[in-house]
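Here's the structure, in structure tokens; my notes come after.
Order of appearance sets the numbers: ligands from 1, and atoms from 1 within every ligand.
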Amino acid sequence: MNFIDDVNFQVSAGNGGRGCASFRRERCIPKGGPDGGDGGDGGSVYLLADAKINTLINFRNRRLYQAKSGGSGMGKQRTGKKGEDLILQVPVGTLVCHADTGELLGDLAEDQKKICVARGGKGGIGNIHFKSSTNRSPRRFTLGDVGESRPLHLELKLLADVGLLGLPNAGKSTFMRVVSSATPKVADYPFTTLHPQLAIVQVDHRTSWVLADIPGLIAGASHGTGLGIRFLRHLSRCRLLLHIVDANELYLDDTLQRIDIILQELKYFSTDLTQKPIWLVLNKIELLPLNAVEELQQRVAQLRPDIKHVYTISALQRQGIQKLCKDIATRVSQLEA
Ligand SMILES: Nc1nc2c(ncn2[C@@H]2O[C@H](COP(=O)(O)OP(=O)(O)OP(=O)(O)O)[C@@H](O)[C@H]2O)c(=O)[nH]1
Ligand SMILES: [Mg+2]
């Protein structure tokens, strides 16, 4: 498994270094006065979104990430060294929550967005700052502040405009291959796709949209059958869902039950997903006998008048692809606006 989309770990910022109590001691300068410097600030822990990363797998094995503490202040008014910050790179689309309270701390939805998840402690104050007219030789100094520490829960929700849904073998990954330069694995057996993948679909030189392919769903997925429905979370930010159905199999069984299996699982996962526009895409139409495509379209229109958008394509033979991609681009830009 090289794709991980949720992890828990603790982050601890560095403590501030302690301030110094010291006095200037030099030949011919008696009572040189206090010269203890401040402690250095502790390093903070940051999360940085990086478009080159697409999984949280790097966080799988470690429970604690700690930034460096600040150095102690020293004599001759020298300030302690600042503790180094710790910057953890995460995929774009990572949601950051407090693991215990569930409070949302940030949404790293853009490349290079950075948030501080644990602030370093401030350095302590050296005795030089406590000098006053009534106390010329203070021995006072302060310890540095303790750095922040908190348990985090990171959850990746991929950022795509359009998400693919469907039973295994419907041709989702084939569709992705045909419309983009991505090369997801395609094969004639169920669950070829084991984790989500993103690709950019370039419609013309000015228009593009992002497509997400996720593993196929089967009946009972919401109860853990097959690969379950956990990957559906990656569709939660999509504007439009494409429900890909094997037209040949849909044609052979008289009911439209295949369509409902997916919609049912979607409902189990969250009603938010069922509120999204869902377009039905009947794939593999080149396998159907003559006139059967029309017959199937009529059957869908009759039995499921609620499905407003029905497209017929053959991903393998690239039929109907261009029109579908253009329509998607138009719809995505409308939904964006
Ligand atoms: N005849 C025909 N076969 C197709 C078409 N599109 C896909 N296939 C075949 O259907 C099989 C499954 O395709 P995939 O793209 O792997 O299907 P998937 O929906 O991604 O499947 P999972 O990843 O298992 O969920 C492959 O053998 C493809 O070659 C099509 O338009 N016509
Ligand atoms: Mg696939």
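- Between the side chain of Asn283 and the backbone N or O of Ile244 there is no donor-acceptor pair closer than 3.5 Å.
- The nearest protein atom to atom 12 (C) of ligand 1, hydrogens excluded, is given as Asn169 OD1, 3.1 Å; this is a heavy-atom distance.
- Here atom 20 (O) of ligand 1 lies nearest to Ser173 when heavy atoms of Pro168, Pro184, Ser173 are compared.
- Within 6.0 Å of atom CZ in Arg140, 12 or fewer heavy atoms from other residues, nucleotides or ligands are found, so the atom counts as exposed in its surroundings.
- Residue contact annotation: Thr193 places an N/O/S atom under 2.8 Å from the Mg ion (ligand 2).
- Taking the six-membered ring where tryptophan is involved, the planes of Phe9 and Tyr65 are perpendicular, since the angle between them exceeds 60° and thus also 30°.
- With hydrogens and angles ignored, the 3.5 Å screen pairs a side-chain donor or acceptor of Asp38 with a backbone N or O of Gly126.
- Around NZ of Lys82, the count of heavy atoms belonging to other residues, nucleotides or ligands within 6.0 Å exceeds 12.
- With a cut-off of 2.8 Å, the Mg ion (ligand 2) has no N, O or S atom of Met176 in range.
- Of all protein heavy atoms, the one closest to atom 19 (O) of ligand 1 is Lys172 NZ, 2.8 Å.
- Selection from Lys284, Glu286, Gln317 by nearest heavy atom to atom 8 (N) of ligand 1 gives Lys284.
- Of all the listed residues (Asp188, Val178, Thr193), Thr193 holds the heavy atom that lies closest to atom 23 (O) of ligand 1.
- Residue-ligand proximity, Tyr189 to ligand 1, at heavy-atom distances under 4.0 Å covers atoms 24 (O).
- If you check which protein heavy atom lies closest to atom 7 (C) of ligand 1, you get Thr174 OG1, 3.2 Å.
- In this pair, Phe3 and His234 present their aromatic rings perpendicular. The plane angle is above 60°, beyond the 30 to 60° band.
- When the options Ala170, Pro215, Ala187, Pro190 are ranked by their closest heavy atom to atom 26 (C) of ligand 1, first place goes to Ala187.
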List, one per line, each side-chain donor-acceptor pair under 3.5 Å for residues 284-293, sequence neighbours excluded.
from	atom 1	to	atom 2	distance (Å)
Lys284	NZ	Asn169	O	2.9
Lys284	NZ	Asp246	OD2	3.2
Glu286	OE1	Ser314	OG	2.9

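- When only non-hydrogen protein atoms are considered, atom 6 (N) of ligand 1 lies nearest to Asn283 ND2, 3.2 Å.
- Counted by atom type alone, Asn135 and Ser132 present zero donor-acceptor pairs between their side chains at under 3.5 Å.
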